[in-house]
Amino acid sequence: MMHLVAWAVGLSVFRIGLVAPQNCPELSVADLDIAIAATADWATSNLEEDGVFAYRYNRVTGEDLGGYNVTRHAAMTNALYQVAAAHEDLRWLEPTDRSLQYMLDNLIDTTAQGQPQSVAFTVGGARPRIGASALLITSLAHRRLATGDTGYDDLMRQLGRFLLGQIEPNGAIAVEWDPATGQPVAGQYGIFATGEASWGLAMLERMFPGEGWGNAAIDIVGYVVHDRRRHEGLLLRAPDHWIAYTVAELGDRWQPTLDETEYLERLAGDFAVMIRVESQRSGEGIQRWVRFDQALGAGVGALGEGLAGLSRTPALAPMRPDLERHLLCTAATLVERQVQPQDVRTDAGLEVGAWFTDDITQVDDQQHTLSTLIFAREVLEGRP
């Protein structure tokens with residue numbers, strides 16, 4: 001998805017000859033409070049009794065389009081716990097705990113012979129993918145920060161050991177584990193799984209400092225900077241918001257080289273150019289021809305997450321004011337596009353608080369945007 005956004009940005013630049021200034025609506029803490037609550041209400045009010053979120057919906061036909069992705073389930077759960085951790089707001093804790101229980105009920109043992117116990121999250125006998133387990137770690141970590149509950153500490157470590165077992169000697173991350181062989185699936189990688197795994201490990205370092213989790217996260221970041229494009233055959237640098245989360249979480253525990261700092265600066269530039277273009281897109285009339293359709297809510301939200309992470313990274317401290325300005329523009333753009341009660345076409349419960357593209361929303365449209373709104377609120381409040 002983000003590769004497509006990058007190509008769209010490049011084409012837009014060529015078509016208009018320059019990147020226009022940002023077009024950012026006004027934004028206040030009150031605006032963000034309303035938007036955050038509406039998004040969290042959408043996610044939790046459309047949660048089934050078994051803890052499964054509404055996944056994909058067409059607002060014109062009123063049709064549930066089905067499908068499910070357990071990594072996005074974990075990510076939506078994490079975003080809801082981020083609300084609780086960031087603002088000490090436990091209104092949505094009970095339903096979020098139900099979505100957590102869905103993951104806890106679908107853990108499998110991945111322990112290698114003679115090694116400490118490790119587990120992974122998967123559903124229906126599918127090969128566990130590393131991103132789902134990594135985002136289960138971040139969910140548990142944010143829940144721990146919000147509630148002080150340490151009851152899942154051992155589970156977080158067991159999930160962390162699964163992540164460690166997927167790391168190749170060069171720092172690459174095998175995206176799947178094969179229950180039939182008890183081994184990672186060699187040569188298969190995920191565009192976002194690498195960053196998700198590194199963030200999960202960085203959060204474990206925060207929860208349990210000195211146990212070595214952060215060293216593994218740092219190794220993965222080094223791989224992303226120096227070897228990933230060649231090793232995985234990527235044409236473009238992936239504008240990976242999960243890596244931005246990772247370096248922010250590592251903070252001063254990570255001392256980047258000059259090459260690594262330059263990589264982060266280029267990543268910041270990618271995100272900044274993308275939101276400058278996106279803020280100009282109305283999706284109507286000649287604007288639609290010149291700058292194409294508006295990006296998915298998930299795509300715009302991921303830009304905000306990337307900007308938020310990099311703005312908190314010590315190595316980019318001189319860039320922080322500009323990065324925060326771009327973050328606030330991203331959040332303002334999202335607030336302006338969020339469905340309000342007067343915009344409802346078929347079902348208010350599945351529309352208000354959500355973001356639609358071509359009249360379709362998917363759970364990650366709410367997941368990524370919710371996290372961005374949380375970070376933007378902290379910037380407006382002047383919180384660290």
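Throughout, numbering of the chain's residues begins at 1 and tracks the sequence.
The shortest distance between side-chain heavy atoms of Pro95 and Ser45 does not fall below 4.5 Å. Thr39 has its side chain out of reach of Val83: every pair of non-hydrogen atoms, C-beta onward, lies at least 4.5 Å apart. Under the 4.5 Å side-chain criterion, counting only non-hydrogen atoms from C-beta, Leu100 is in contact with Tyr152. The side-chain heavy atoms of Thr333 and Glu336, taken from C-beta on, include no pair separated by under 4.5 Å. Put simply, the side chain of Glu176 does not reach to within 4.5 Å of the side chain of Gln166, judged on heavy atoms. By the 4.5 Å heavy-atom criterion applied to side chains, Met203 and Met156 are not counted as neighbours. Taking the side chain as every heavy atom from C-beta outward, Arg345 and Asp359 approach each other to under 4.5 Å. Annotation: side chain of Gln367 is not in contact with side chain of Asn78 (no heavy-atom distance under 4.5 Å).
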Inset, instruction - With side-chain contact (heavy atoms from CB on, under 4.5 Å) as the test, would you mind laying out the steps for Val119 and Leu159 before giving the verdict? - result: CA-CA 5 Å; Val119 297; Leu159 290 159; 3.9 Å; yes
Inset, instruction - Might you work through the side-chain contact (heavy atoms from CB on, under 4.5 Å) test for Trp213 and Arg161, ending with a clear yes or no? - result: CA-CA 9 Å; Trp213 307 105; Arg161 287 193 283 270; 4.1 Å; yes
Legend entry - Worked check of side-chain contact (heavy atoms from CB on, under 4.5 Å) between Ile191 and Glu232: CA-CA 9 Å; Ile191 191 64; Glu232 298 182 26; 5.9 Å; no
Legend entry - Stepwise side-chain contact (heavy atoms from CB on, under 4.5 Å) check, Arg228 with Leu234: CA-CA 8 Å; Arg228 186 179 187 191; Leu234 300 179; 4.0 Å; yes
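Of the inter-residue distances, the one linking Arg157 atom CZ with Leu140 atom CG reads 12.5 Å to the nearest 0.5 angstrom. The distance from the CG atom of Leu201 to the CG atom of Leu163 is 5.0 Å, given to the nearest 0.5 Å. Once rounded to the nearest 0.5 Å, the distance linking CG of Leu316 with CG of Leu264 reads 5.0 Å. Rounding to the nearest 0.5 angstrom, the gap separating the CG atom in Asp365 from the CG atom in Leu334 is 10.0 Å. Of the inter-residue distances, the one linking Leu135 atom CG with Arg129 atom CZ reads 12.0 Å to the nearest 0.5 angstrom. Taking OG1 of Thr361 as the reference point, atom OH of Tyr55 lies at 11.0 Å (rounded to 0.5 Å).
For an aromatic pair to be called close, the ring centres must be under 6.0 Å apart, and Phe192 with His241 satisfies this.
Checked against side chain to side chain donor-acceptor pair (under 3.5 Å), Ser118 has the following partners two or more places apart in sequence or in another chain: Thr110. Remark: Ala244 pairs with Leu310 by the side-chain contact (heavy atoms from CB on, under 4.5 Å) rule, at least two apart or across chains. Contacts of Ala331 classified as side-chain contact (heavy atoms from CB on, under 4.5 Å), with partners at least two apart in sequence or in another chain: Leu27, Leu32, Thr372, Leu373, Ala376. Residues that satisfy the side-chain contact (heavy atoms from CB on, under 4.5 Å) test with His231, not counting sequence neighbours, are Glu168, Asn170, Ala172, Tyr189, Tyr223.
The backbone N or O of Ile130 lies less than 3.5 Å from no partner atom in the side chain of Ser133, so there is not a single donor-acceptor pair. Formation of a donor-acceptor pair under 3.5 Å by the Thr150 side chain with backbone atoms of Asp153 is not found in this model. For the pair Glu205 (side chain) and Gly210 (backbone), a donor-acceptor distance under 3.5 Å is present. Using modelled atom types, no side-chain atom of Trp177 and backbone atom of Arg127 make a donor-acceptor pair closer than 3.5 Å. No donor-acceptor pair closer than 3.5 Å links the side chain of Asp149 to the backbone N or O of Arg144. Remark: the backbone N or O of Gly349 is paired with a side-chain donor or acceptor of Asn46 at under 3.5 angstrom.
The shortest non-hydrogen separation linking Leu267 to Ala238 is CD1-O, 3.8 Å. Of all the heavy atoms in Ile374 and Ala79, the pair that sits closest is CD1-O, 3.8 Å. In plain terms, the two heavy atoms of Ala43 and Leu80 that are nearest each other are CB-CD1, 4.2 Å. Across all their heavy atoms, His226 and Asp259 have their closest contact at CE1-CB, 3.8 Å. What you find for Pro239 and Met274 is that their closest heavy atoms are CG-CE, 3.6 Å. Of all heavy-atom pairs spanning Arg237 and Tyr263, the tightest one is CD-CE1, 3.6 Å.
Follow the hydrophobic side-chain contacts under 4.5 Å out from Val70 and you never reach Val185; the two are in separate clusters. Leu47 and Val352 fall into different hydrophobic clusters, where Ile, Leu, Val, Met, Phe, Trp and Tyr residues are linked whenever their side-chain heavy atoms come under 4.5 Å apart, directly or through other members. In the hydrophobic cluster analysis, where Ile, Leu, Val, Met, Phe, Trp and Tyr join through side-chain heavy atoms closer than 4.5 angstrom, Met103 is grouped together with Leu107. There is a path of hydrophobic side-chain contacts, each under 4.5 Å, that joins Tyr81 to Leu155. Residues Val225 and Met319 share a single hydrophobic cluster, defined by chaining ILVMFWY side chains whose heavy atoms lie under 4.5 Å apart.
Pairs of residues two or more places apart, or lying in two chains, that qualify as salt bridge (charged side-chain N to carboxylate O under 4.0 Å, His left out) and include a residue from residues 84-103 are Asp89-Arg91, Glu94-Arg98, Asp97-Arg143. The list of salt bridge (charged side-chain N to carboxylate O under 4.0 Å, His left out) pairs with a residue in residues 30-46, not counting sequence neighbours, reads Asp33-Arg377. The salt bridge (charged side-chain N to carboxylate O under 4.0 Å, His left out) pairs that include a residue from residues 46-73 are Arg59-Glu351, Arg72-Asp364, where partners are two or more places apart or lie in different chains. Sorted by first and then second residue, the salt bridge (charged side-chain N to carboxylate O under 4.0 Å, His left out) pairs with a member in residues 99-123 form an empty list; sequence neighbours excluded. Identified under the side chain to side chain donor-acceptor pair (under 3.5 Å) test for residues 192-201, with sequence neighbours left out: Glu196-Trp242, Ser198-Thr246.
Using a 4.5 Å cut-off between side-chain heavy atoms of Ile, Leu, Val, Met, Phe, Trp and Tyr, Val60 forms no hydrophobic cluster with any other residue. Cluster partners of Ile360, using a side-chain heavy-atom cutoff of under 4.5 Å among ILVMFWY residues and allowing indirect links, are Leu65.
Within a 6.0 Å radius of CD in Gln113, other residues, nucleotides and ligands contribute 12 heavy atoms or fewer.
A donor-acceptor contact closer than 3.5 angstrom links the side chains of Thr77 and Ser99. Side chain to side chain, Ser371 and Gln82 meet the donor-acceptor criterion of an N or O pair below 3.5 Å.
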Check: residues 248-256 side-chain donor-acceptor pairs under 3.5 Å, at least two apart:
unit_1	atom_1	unit_2	atom_2	d
Glu249	OE1	Arg206	NH1	3.4
Arg253	NH2	Glu249	O	2.6
Gln255	NE2	Asp252	O	2.8

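Aromatic ring pairs are classed by plane angle as parallel below 30°, tilted from 30° to 60° and perpendicular above 60°; the pair Phe53 and His73 is tilted. Classification of the Phe121-Tyr102 ring pair by plane angle, with boundaries at 30° and 60°, yields perpendicular.
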